[in-house]
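Position 1 is the first residue of the sequence; numbering continues from there. One-based numbering, in listed order, for ligands and for the atoms of each.
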Amino acid sequence: MKRIIILGSSGSIGRQTLDVISKMRGYIKVEGLAVNSNVEVLKSQIKKFKPAMVSVSNFEAAENLKKWCILNNIKTIVYSGNESLEKIVTLSIVDMVLVSIVGAIGLKSVVAAIKTKKNIAIANKESIVGAGYYIVNLACKMGVSILPVDSELSAIFQCCNGEKKSQIKRIILTASGGPFYKYSKDFSKITVEQTLNHPTWKMGKKITVDSATLMNKGLEAIEVSILFGIPINKIEIVIHPQSIVHSLVEYIDGSVIAQLSNPDMKLPIQYALTYPERMSSNIKSLSLWKVEKLEFYKPDFNKFPCLKFAYFAANKGYTMPAVMNAANEVAVEAFLNKRIKFTDIVKIVEKTMKNHEILKNMSLNSFYQADLWARQYAEKLFEKI
Ligand code: MG
């Protein structure tokens with residue numbers, strides 16, 4: 001039986017992971033769960049999966065949960081505060097930590113998990129974008145694997161199975177295009193409600209906004225480049241509105257291998273959990289004649305400048321991707337809180353990147369320094385816009 005910890009268990013990926021696990025009957029034991037503050041969801045998860053320990057970052061919410069555990073005679077140990085994430089990762093004896101926390105804040109627990117020799121199932125692209133080279137080197141040194149959970153990265157991972165990395169010519173990363181790919185009206189009038197209405201994937205708020213600006217695809221391109229060791233200029237993005245082809249890999253002989261399925265996050269989640277095995281699932285079988293057509297378009301980098309920023313950041317390297325990511329996190333949060341317009345996200349990210357002086361160092365410290373600088377700089381821009 002595999003033993004697992006899920007960080008971010010109340011979020012979209014966390015809940016779907018537990019759903020997948022509950023259908024695997026006896027294959028995986030959930031040893032630990034972590035949430036920020038949503039203890040109501042966590043309570044039902046504790047009842048069902050009986051983890052040995054949980055972490056709740058918010059102190060008040062953690063106190064509430066501790067009382068509930070005593071009242072209900074539940075033996076699960078509750079840790080609280082931000083450090084508690086690292087605590088449950090370090091203390092537990094598990095095979096895998098699934099990281100589905102949103103944002104670069106997930107980095108500390110990723111590092112703690114790798115240092116204590118746990119395999120990582122990664123659904124936290126922000127930490128890979130910001131400090132990916134450090135993480136990959138550390139994982140290599142500690143002999144642990146990093147398995148992608150994201151659908152496109154899982155597709156690429158599957159298309160590379162048994163192949164030689166040196167024989168990859170190009171990676172073709174697909175993007176649904178989000179809700180505004182064909183939108184021809186004024187982008188500055190786009191509302192939060194319109195943005196959260198994604199055509200093919202049901203996801204958390206931050207990633208849904210990133211899908212609308214296409215920053216999500218920019219982040220993924222950088223993530224692919226780091227995790228698969230492929231230069232960013234060999235990664236091509238293609239808009240594929242049906243989200244059936246999850247990505248493709250072209251080899252030097254001209255063969256292009258793709259991975260297809262109906263859009264359902266439970267498939268890449270399950271593959272990360274069962275790798276290198278496959279297991280039967282309830283995922284709806286793909287019927288190509290029902291899908292009828294698969295469309296592919298060239299993305300418009302001028303309409304969606306976040307794509308430009310991502311290639312620029314990856315080519316600059318060092319701390320630039322971390323800065324792009326941090327500025328974007330701050331701007332998306334402000335947009336969701338209706339402090340800024342949709343088009344301000346691009347402006348804030350661009351200005352922050354322009355004013356960043358790269359730290360030519362790959363240490364964890366320079367990542368934190370650049371990340372903090374970008375957040376503070378981006379925050380100051382809100383008043384000026
Ligand atoms: Mg994705």
Side-chain angles (χ1 to χ4, degrees), residues 8 11-17 20 98-104 106 120-130 132 146-160 171-181 195-228 230 232 235-249 258-273 283 294 296-297 299 304 306-307 309-311 314 321 324-325 328-329 332:
S12 171
I13 297 290
R15 280 183 279 126
Q16 293 185 77
T17 303
V20 170
L98 185 134
V99 188
S100 58
I101 298 168
V102 181
I120 307 286
I122 193 99
N124 173 273
K125 60 189 67 158
E126 293 89 349
S127 62
I128 300 292
V129 166
I146 301 178
L147 297 164
V149 170
D150 204 339
S151 60
E152 295 82 357
L153 275 91
S154 175
I156 295 163
F157 184 60
Q158 294 180 56
C159 295
C160 292
I171 288 182
I172 305 163
L173 182 63
T174 57
S176 71
F180 308 124
Y181 174 68
T195 309
L196 293 182
N197 192 13
H198 193 276
T200 50
W201 296 102
K202 178 127 190 52
M203 309 172 287
K205 281 184 185 172
K206 196 258 174 184
I207 186 171
T208 308
V209 177
D210 284 347
S211 298
T213 60
L214 290 194
M215 179 56 100
N216 183 51
K217 212 46 58 178
L219 294 171
E220 280 176 9
I222 300 176
E223 199 189 2
V224 168
S225 165
I226 296 169
L227 285 183
F228 295 90
I230 303 291
I232 192 84
I235 300 169
E236 186 182 296
I237 295 168
V238 63
I239 306 287
H240 169 46
Q242 289 82 13
S243 299
I244 297 286
V245 180
H246 300 303
S247 278
L248 315 89
V249 178
Q259 188 259 341
L260 288 76
S261 75
N262 280 314
D264 189 335
M265 274 312 294
K266 287 182 188 144
L267 178 54
I269 291 171
Q270 176 170 313
Y271 189 63
L273 298 176
I283 286 141
L294 298 173
F296 300 96
Y297 304 105
F304 297 97
C306 288
L307 294 175
F309 302 161
Y311 280 82
M324 178 191 80
N325 174 67
N328 180 61
E329 278 188 35
V332 169

> With Asp210, which residues qualify under side chain to side chain donor-acceptor pair (under 3.5 Å), at least two apart?
Replying inline: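 Here the qualifying residues are Lys206, Asn328.
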> With a 4.5 Å limit on heavy-atom distance, are the side chains of Pro263 and Ile244 in contact?
Replying inline: yes
Which atom name would you report as the N, O or S atom of [X] nearest the Mg ion (ligand 1)?
{"X": "Glu152", "value": "OE1"}
{"X": "Glu220", "value": "OE2"}
{"X": "Asp150", "value": "OD1"}

>> Testing the basics here: between Pro268 and Val149, what is the closest heavy-atom pair and its distance to 0.1 Å?
In response: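 Taking every non-hydrogen atom into account, CB-O, 3.1 Å.
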>> With no hydrogens and no angle check, just 3.5 Å: does a side-chain donor-acceptor pair link His246 and Ser261?
In response: yes
